[in-house]
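Presented below is the structure to which this report refers.
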Amino acid sequence: MSDTETLVRGEDQESPAPSRTNRRAFLKTSAAALALSVVACGDDEPDPFEPDPDPDPDPTAVDLGTGDIAVLNYALVLERLEAGFWSEVVSNPYVGMEATELETLTEIRDHEIAHRDFLIAALGPDAIGELEFDLSAVDFTSRESVLGTARTFEDLGVAAYNGAGQLLENVDFLLVAGKIVSVEARHASVVRDLLQPGTDHFAGDDVVDANGLDGAMTPQEVLTAAGDFIVTELDTSGLPTA
């Protein structure tokens with residue numbers, strides 16, 4: 001079975017996190033600092049004034065949880081998708097990939113794996129497990145197909161974190177989300193420059209508005225946009241909406 005087939009059938013296998021010292025230290029200290037807050041958040045009593053969740057959810061769907069736990073698990077869905085995608089890109093370089101490109105894309109892969117593993121560690125027992133993704137629409141031998149998909153994923157990641165920030169109640173989580181989204185924006189900028197080097201595409205007006213601000217998307221908008229790639233059914237009924 002090829003790596004691509006494994007990915008399509010369920011690639012979200014948690015490969016070892018990058019071994020660089022600074023990355024290990026980031027994961028260790030950040031996850032430890034947030035672990036107690038995540039557990040405490042998970043113990044919150046339901047708000048009697050909130051509407052009842054879906055009375056008949058899909059029993060096979062992966063439950064993201066409620067409140068901040070749901071928001072972090074939503075972020076984990078995206079990080080699992082990105083980590084799986086970039087792992088495939090680096091494992092099977094597209095035709096004509098130059099050494100400098102491989103180095104750059106490997107660094108992006110390492111960041112996404114670090115983000116995924118950080119969220120898993122921070123969520124602890126509340127973290128969702130491995131998911132099944134379908135990347136069969138991506139031609140991993142084609143530079144245009146790979147970088148075009150990469151641009152979609154990284155732009156979507158930026159918009160997702162920007163939209164999710166207002167849904168978080170714990171300020172520590174908001175701080176970490178801000179640190180992650182800034183890295184996602186760096187990735188998006190690099191990929192866009194690889195596609196159209198030496199132009200303003202790195203921060204084009206399709207993603208940055210007239211005020212110099214990146215766009216934001218709600219979780220439902222993001223999951224709908226990424227829906228063709230996510231096979232596993234998700235129960236998002238506990239996600240905050242405002």
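Count residues from 1 along the sequence.
Between the side chain of Asp68 and the backbone N or O of Asn170, at least one donor-acceptor pair lies under 3.5 Å. In this structure, the side chain of Thr218 engages the main chain of Glu221 through a donor-acceptor pair within 3.5 Å. A distance-only check finds a donor-acceptor pair linking the side chain of Arg80 to the backbone of Ile128 [under 3.5 Å]. A donor-acceptor pair is defined here as one N or O able to donate and one able to accept, closer than 3.5 Å; no such pair exists between the side chain of Asn92 and the backbone of Thr141.
Here Phe229 pairs with Phe153 under the ring-ring contact (aromatic ring centres under 6.0 Å, His included) rule; sequence neighbours left out. Partners of Tyr161 by side-chain hydrogen bond (donor to acceptor under 3.5 Å, both in side chains), not counting sequence neighbours, listed by chain and number: Glu79. Residues that satisfy the side chain to side chain contact (heavy atoms under 4.5 Å, CB included) test with Leu78, not counting sequence neighbours, are Tyr74, Ala160, Val222.
Under the 4.5 Å side-chain criterion, counting only non-hydrogen atoms from C-beta, Thr104 is not in contact with Glu107.
When every heavy atom of Thr149 is checked against every heavy atom of Ser145, the shortest pair comes out as OG1-O, 2.8 Å. Residues Gly65 and Ala70 approach most closely at O-CB, 3.3 Å, considering heavy atoms. Among all heavy-atom pairs drawn from Pro240 and Leu167, the shortest one is O-CD1, 3.5 Å. Of all heavy-atom pairs between Leu64 and Val77, the closest is CD2-CG2, 4.1 Å.
Applying the salt bridge (Lys or Arg N to Asp or Glu O under 4.0 Å) test to residues at least two apart or on different chains, the pairs with a partner in residues 193-215 are Arg192-Asp206. Under the ring pair (Phe, Tyr, Trp, His ring centres under 6.0 Å) criterion, no residue pair touches residues 188-208, with sequence neighbours excluded. Pairs of residues two or more places apart, or lying in two chains, that qualify as salt bridge (Lys or Arg N to Asp or Glu O under 4.0 Å) and include a residue from residues 136-153 are Glu101-Arg143.
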Practice problem: In sequence, state the C-alpha distance, the side-chain angles, and the governing distance for His111 and Arg186, and then conclude on side-chain contact (heavy atoms from CB on, under 4.5 Å). | Solution: CA-CA 11 Å; His111 292 164; Arg186 292 175 190 267; over 6 Å; no
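Side-chain atoms of Glu184 and His115 form a donor-acceptor pair, as typed in the model, at a separation below 3.5 Å.
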